Amino acid sequence: MKKQLQKLLYQSLQAIKSEGMEISIEKEDIKIEYTRDLIHGDFASNIAMLLAKKNKCNPRELANKISENLPQTDFIARTEIAGPGFINFFLNQNAYLSVVLDILEKGTSFGNSNIGNNQPILIEFVSANPTGPLHIGHGRGAAYGDAISNLLNKIGFDVDREYYVNDSGRQMNILTLSIWLRYLELMGKKINFPEKAYQGDYIKKIAHEIKEKYADEFLISNIQSLNLSNNKNDEEEMLDSMINSCINELGEEKYTVIHKISLDSILTSIKKDLSDFGVTFDKWFSENSLMKTDSLNKCVSKLEINSKIYEKDGAKWFRSSDYGDEKDRVIMRENGQSTYFASDIAYHVSKYERKYKKIINIWGADHHGYIPRVKASIEALGYSPKVLEILLVQFAALFRGKKKLQMSTRSGQFVTLKELVMEVGKDAARFFYVMRKSEQHLDFDIELAKSESNDNPVYYIQYAHARICSVFNQMKEKKYAFTKIKNISDLSVLDEPQEISLLSSLAKYPDVIESSAITYEPHQLAYYLKELANYFHTYYNANQFLVDDEKLRNARLSLIDATRQVIKDGLLQLGVSSPEKM
RNA sequence: GCCCUGAUAGCUCAGCUGGAUAGAGCGUCCCCCUCCUAAGGGGAAGGCCAGAGGUUCGAAUCCUCUUCAGGGCGCCA
C-alpha cells in the first residue's frame, strides 16, 4: 500500500513538474508513514513540506496542488491537507476489506515478498566454544539469529544458518585435559585438579562415560610427572605444561581419542539443547577443517605475497592498521601456533568463496573490538568488506532475585540454556529474548521470569490465537455454518470501529515483516503482535462473532480467521508456537 | 587514556531513515462475564524524553560538549 501511494505521489509530482515547477526527487525518497491516529487518515506524507523548503513556496499550497494532481484510484476515499502541510490519505472501506481476502487466499505466504530475490545469504550465529553447555547468553544469540533467519527467508532470501565450531586450539586442549584428569580420579588416582581447568559436572560425566567404555586404557603409571609440574606461579603456564605431559604420557593417538570423545559429547548436547530451543543449523563448520584443508596456510601465504605480513619478536603480524584497525595483529605466534584470528580469516575467506551475496555474523557485543581486524583481513585479501555485516548482541546479565550471578564457563558456574527452557518454557524464553532490541543490555532475572510467566506477553498473544480457535470450535458445537467468503462485498458489513482497527492492523503485517527483516530487528514484529492481539481482544470483548445473521457471521469469522493466520505466522517467525487451546 | 553501547512514566521497555496532543506492559486506582476461554476488555493517575548548546518550518530522534552506567582495548577464544 505504501508503495502504491508512493507511486501516485510521484505521478502527481511529474504532472506538476511538466507545468514548469522545479522538482527533483526519486520515487524511493517519497516518504509515506502510518498515521498515529486514524483521524489523520490512514497514511500521511510530508512530501509537500520537504519540497516547499527547496522551492521556497508555501507548503500547504503545494500540498493542495499535489493533491489535485493525484490520479484517480479505487482505494483512496479522499485526501486532506493538514497541519503545516501533511497530505493525509483516507482509504475507502474496500481497501481495508481486501486484506482479509488476501490473507485467506495466501495463507502462510501472506507477508512474503521477493525483496531478497533468492540471493544466497549466510547467517552465522551462536558459535559457542564446544567446551561446555550453552548458557543464557548464547540463548539470546540463538533466538535472535534464528528469528532473523526466518524473517529474511520470508522476504525472499535464500538463508543458510551456520555454526562455527572452535574445535581446535588451546581451549579444546584444556577441556581434554580436564576430562582426562577427572577420569584418572575416577580410576582412583589422587589428582591436584587445577582451578583454571573446566570445573563443571558435565566434565565428570564425560569422564565417567570414558571409564565405562574404555576402562583403564587411558591410565598412566606415573602420575607424578603431572603433579611435578604443579608450580603455583602461573596457573596458565601450569595448564600448558600439564597438557604437554598429558600428550606425552598418553601418546598422540590416545590423546586424540579423548579429545574427539570430549568434543563429540559436548557438541551433541549443544545440538540437542538448540533443537529443543527450536534452532537448527544447515552447517556446522569445523575450525579444524581449515587446518586440514590447508586453507589457513593458503590465506597466510596470500597475505605474505601481498606483503601484508611482517615478522617481529618471532611472531607473524598482519598489517591490519593499514585498513583502519588500531594496531597490527599477531596471526602466527612465536611458538609456531596460529591464533584464533588466523583461523577466523580463513573461515571468512571460506564464506566469501561460497559466493554468498550477503554474510551476516552475529556476535556477542564483547567481540566488537574484533570487527576492524576481520574487515581489514577481508579487504587485504581482495574481498568486499561491505558484503559482511556484523550484528552485535549484548549478553544477558543474569540475576537470581536481586543477586547478580557471575558466569564463567570454566568455573562451571552458569545457568544453562537448558535450565532456562525447563524453567520458563521454550516459547516464553524465545519471545523474551527477541522482545527487546538486541544491542540493549538485558537484565534477565530468572526469579522474575519464572514468577511472571503467567503475565508474560507471549501468553497474551498466544491466548488471542487460542481464543479464535475456540470460537471456531464453539461454532461447530452450536451448529453454525461458516461459508468462505468469495468477494469483498461479502465483507461490507464490517464497519464497527474495532473491526476497522483490526483490519488496519492486519494490513500492516507485510510492512512489519519487511522492516523487521531488513533492519534485523525482530522486536518490531514482537511489538506488532502484541498490538494485533490487543486489537483482537478488544474486538472480542465488544462484539459477538457467532451471531444469527449469516452474512455478518461469515464476515466476522473471516476476519478473525485472517487474524489467526497472521498471529500464527508472526509467532512462527519468532520461534514461538501457537497453541489451539490454553 | 582511547573506542563502542546506552540514559524516555514508580519498574521493564517501544518510539521506523526528524513530523501532528510522547506510547505499551507491569504496579496503583475505578468499572465490565445470565454472553464465543476474565490467561480478557474499558477508563484514571503518572513524563523538563539525563543536562547544556547547535542544525530548521519542526528534535526523544541529527551534531557537539558534560554527567552517569555497562562493555571492549592479549602472541585468550
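All chains are named by letter (A, B, ...) in the order of the sequence lines, taking the proteins before the strands, and each is independently numbered beginning at 1. All figures in this text were calculated on a predicted structure; none of them were measured in a lab.
Between A:Lys312 and A:Leu546, the residue anchored nearer the 5' end of RNA chain B, judged by the nucleotide with its closest heavy atom, is A:Leu546. With RNA chain B read from its 5' end, the first of the two nearest nucleotides for A:His368 and A:Asn166 is the one closest to A:His368.
Ion pairing between A:Lys351 and A:Glu124 holds under the 4.0 Å rule for side-chain N and carboxylate O.
Neither OP1 nor OP2 of B:rC36 sits under 4.0 Å from any side-chain N or O of A:Arg556. Close to B:rG42, at under 4.0 Å from its OP1 or OP2, lies a side-chain N or O of A:Thr538. At the phosphate of B:rA39, neither OP1 nor OP2 sits under 4.0 Å from any side-chain N or O atom of A:Gln462. Contact between the side-chain N/O atoms of A:Asn473 and the OP1/OP2 oxygens of B:rC36 is not found at any separation under 4.0 Å. The phosphate of B:rA77 has OP1 or OP2 within less than 4.0 Å of a side-chain N or O from A:Arg333. In terms of phosphate contacts, A:Tyr460 brings a side-chain nitrogen or oxygen within less than 4.0 Å of OP1 or OP2 of B:rG41. Remark: A:Arg467 is in phosphate contact with B:rA38, judged by side-chain N or O atoms under 4.0 Å from OP1 or OP2. Contact annotation: A:Tyr459 side-chain N/O to B:rG40 OP1/OP2 distance is not under 4.0 Å. Regarding contacts with the backbone of B:rG15, a side-chain N or O of A:His523 is found under 4.0 angstrom from either OP1 or OP2.
Between A:Phe472 and A:Phe482, the ring planes are perpendicular. Angles over 60° get that label, and only those under 30° would be called parallel. Ring planes of A:Phe285 and A:Tyr347: tilted class, angle from 30 to 60°. Classification of the A:Tyr509-A:Tyr528 ring pair by plane angle, with boundaries at 30° and 60°, yields tilted.
Here the side chain of A:Gln171 is nearest to one of B:rC75, B:rU37, B:rC76, namely B:rC76. Side-chain atoms of A:Asn129 lie closest to B:rA77 of the nucleotides B:rC36, B:rG19, B:rA77. The side chain of A:Ser470 sits closest to B:rC36 out of B:rC75, B:rC3, B:rC36. When the nucleotides B:rC75, B:rU5, B:rU21 are ranked by their closest atom to the side chain of A:Ile39, B:rU21 comes out on top. Considering only the side chain of A:Tyr463, B:rA38 comes nearest among B:rA38, B:rG6, B:rU21. For A:Lys437, whose side chain is taken as the heavy atoms from C-beta onward, the closest listed nucleotide among B:rG15, B:rG18, B:rG40 is B:rG15.
B:rC4 atom P lies 17 Å from atom CG of A:Asp366, rounded to whole Å. Between A:Ile560 atom CD1 and B:rU37 atom P the separation is 11 Å, expressed in whole Å. In this entry the distance linking CG of A:Asn46 with P of B:rU17 reads 14 Å, nearest Å.
Annotation for A:Leu62 and A:Ala52: closest pair CD2-N, 3.8 Å, computed over non-hydrogen atoms.
For A:Lys530, the NZ atom counts as densely surrounded, since its 6.0 Å shell holds more than 12 non-hydrogen atoms of other residues, nucleotides or ligands.
Applying the Watson-Crick and G-U wobble criteria (two distances, each under 3.5 Å), B:rA52 pairs with B:rU64. With a cut-off of 3.5 Å on both Watson-Crick or G-U wobble distances, the partner of B:rG47 is given as none. Pairing of B:rG25, defined by two Watson-Crick or G-U wobble distances under 3.5 Å, is identified with B:rC11.
Note on A:Tyr370: a base of the nucleic acid sits closer than 4.0 angstrom, heavy atoms only.
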